[in-house]
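Every chain is numbered from 1, with letters handed out A, B, ... down the list of sequences. Heavy atoms only: backbone and side chains are in, while hydrogens, waters and symmetry mates are out.
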Amino acid sequence: MKINPVGLYTHLCKSFGPQHWWPMDHSHHEQNNTDPRFEVMIGAILTQNTAWTNVEKAIKQLKKHHLLSVQALKDADTELVKTCIRSSGYFNQKAKRLQYLSNYLAERYDGDLDQFFLQSTDRLRKELLSLHGIGPETADSMLLYAAKKPVFVVDTYTKRLSKRLPLPVNAASYDDIQHYVEHELKKEYSTHELVQVYNELHALIVNLGKYYCKPKPICPNCPLLSLCHFGQQQEKEV
DNA sequence: ACCCAGGCGCATG
DNA sequence: CATGCGCATGGG
C-alpha cells in the first residue's frame with residue numbers, strides 16, 4: 001500500500017483535526033500593535049531545534065520589553081535581547097540572528113514588511129536563505145506563516161516520515177521532499193487553498209511526530225497505525 | 001539521569 | 001557531497 005501526500009493529509013485531518021498554527025487572527029486579544037508577521041519571523045528563528053513552549057516565554061519577554069519590532073530590536077542592547085530570549089535556548093546565536101535580520105530589514109526595506117513581502121516567492125526565498133541564521137526550514141516557515149506564500153515546510157519529522165512511509169518515490173533531501181509534496185498537492189488544490197493546506201499539513205506532521213516520529217522508537221500507540229498500516233514498514237537501510 | 005525539541009553554520013573526510 | 005559537532009534551556 002502506497003501513501004501519497006494527499007492521502008496523508010486527509011488521514012491526519014480526520015485523526016487530529018485543525019491545528020491552527022500561527023493563524024494571526026489573535027487580533028482581538030492583542031492589545032499591543034506589533035506586526036504579527038514580524039512576530040512570526042522572530043518565532044521561526046527562536047524555535048530552531050527548540051520546543052515551542054520555550055519560545056512562547058521568550059516572545060512574551062520580548063513583548064514586555066517592547067522589542068518586537070524591526071526598529072526596536074535593531075536598536076536594542078544585545079545583552080537585553082539575550083536575557084529576554086534565554087528560555088528558547090542557544091540565546092547567544094539567536095540574539096545575533098534576530099538582530100541581524102532586523103538590521104537587514106531596516107537598512108534594506110526601511111523596516112517595511114509590506115515592501116519586503118511584495119517580491120516574488122522565489123526571490124524572497126533566496127534572499128532569506130542568504131541571511132545568516134536562516135536556513136531552508138526557517139525561510140519557508142516565514143514564507144508560509146508570515147507572507148502567506150504557498151510553500152510547504154519540511155522539518156525533521158517530515159524527513160523521518162518520508163523515510164519510514166511507503167512513498168511512491170524516493171525523496172531524500174529537503175528540496176526533493178518539498179518538491180514532491182508540493183507537486184502532489186497542487187494536483188488536488190487551488191493556489192489559494194494550498195496556503196491553508198501546507199499550513200495544516202506541516203502542523204499535523206509535527207503533531208504526528210510526537211506520537212510516531214521520535215528519533216529512536218516507533219510508538220505502537222500511534223493513532224494512525226490502524227488507518228494507514230504505519231509501523232509495518234521497516235526503516236530503509238542506507 | 002537521561003532524551004528530546006517546529007535548525008543552522010562550520011569544520012572535516 | 002555527506003556526516004559530525006556545538007550551541008542551551010526546559011519539560012517529560
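- In this structure, A/Glu56 atom CD and B/dG6 atom P are separated by 11 Å, rounded to whole Å.
- Both A/Gln93 and A/Ala51 sit near DNA chain C, but only A/Gln93 has its closest nucleotide nearer the 5' end.
- Nearest-nucleotide assignment on DNA chain C puts the 5′-proximal partner with A/Arg97, out of A/Thr53 and A/Arg97.
- If you measure from atom CG of A/Asp176 to atom C1' of C/dC1, you get 14 Å, rounded to the nearest angstrom.
- The residue A/Glu137 sits close only to the backbone: its heavy atoms come under 4.0 Å of sugar-phosphate atoms, none of a base.
- Taking atom NZ of A/Lys94 as the reference point, atom P of C/dG10 lies 12 Å away to the nearest angstrom.
- Nucleic acid contact class of A/Leu131 (heavy atoms, under 4.0 Å, all strands): sugar-phosphate only.
- Note on A/Lys57: only backbone sugar-phosphate atoms sit closer than 4.0 angstrom, heavy atoms only; bases stay farther off.
- Within 4.0 Å (heavy atoms only), A/Phe91 reaches sugar-phosphate atoms of the nucleic acid but no base atom.
- We find that A/Arg37 and A/Asp114 are joined by a salt bridge, their nearest charged nitrogen and carboxylate oxygen being less than 4.0 Å apart.
- Taking only side-chain atoms of A/Ser87, from C-beta outward, the nucleotide of C/dG10, C/dA8, B/dG6 with the closest atom is C/dG10.
- Between A/Tyr157 and A/Thr138, the residue whose closest nucleotide on DNA chain B is further toward the 5' end is A/Tyr157.
- Rounded to an integer number of Å, the gap from CG of A/Leu46 to C1' of B/dA5 is 14 Å.
- Remark: side-chain polar atoms of A/Thr50 are paired, donor with acceptor, to backbone N or O of A/Ser88 under 3.5 angstrom.
- A/Ile134 comes within 4.0 angstrom of sugar-phosphate atoms only, judged by non-hydrogen atoms across all strands, and of no base.
- Listed for the A/Glu182 side chain is a donor-acceptor partner under 3.5 Å among the backbone atoms of A/Phe152.
- Looking only at distances, no side-chain donor or acceptor of A/Glu39 sits under 3.5 Å from a matching main-chain atom of A/Ile59.
- Rounding to whole angstrom units, CZ of residue A/Arg86 and P of C/dC7 are separated by 17 Å.
- The distance between atom NZ of A/Lys96 and atom P of B/dC10, rounded to the nearest whole Å, is 10 Å.
- Using N1 to N3 plus N6-O4 or O6-N4 for Watson-Crick, or N1-O2 and O6-N3 for G-U wobble, each under 3.5 Å, C/dG10 pairs with B/dC4.
- Contact annotation: A/Asn92 reaches the phosphate of C/dA8 (side-chain N/O to OP1 or OP2, under 4.0 Å).
- In terms of phosphate contacts, A/Thr156 brings a side-chain nitrogen or oxygen within less than 4.0 Å of OP1 or OP2 of B/dG7.
- Here the side chain of A/His132 is nearest to one of B/dG7, B/dG6, B/dG9, namely B/dG9.
- To the nearest whole angstrom, the two P atoms, one in B/dG6 and one in C/dT3, are 24 Å apart.
- At whole-Å resolution of the value, OH in A/Tyr90 and C1' in B/dG9 are 13 Å apart.
- Taking every side-chain heavy atom of A/Trp52 into account, B/dG6 is the closest of C/dG11, B/dC8, B/dG6.
- The backbone N or O of A/Leu73 lies less than 3.5 Å from no partner atom in the side chain of A/Ser102, so there is not a single donor-acceptor pair.
- By the 6.0 Å contact criterion, NZ on A/Lys82 is enclosed, its count of non-hydrogen atoms from other residues, nucleotides or ligands being greater than 12.
- Rounded to whole angstrom, the span from the OH atom of A/Tyr174 across to the C1' atom of B/dC8 amounts to 13 Å.
- C/dA2 is paired with B/dT12 under the Watson-Crick or G-U wobble criterion, all donor-acceptor distances under 3.5 Å.
- Going from the P atom of C/dA8 to that of B/dC10 covers 15 Å, rounded to whole Å.
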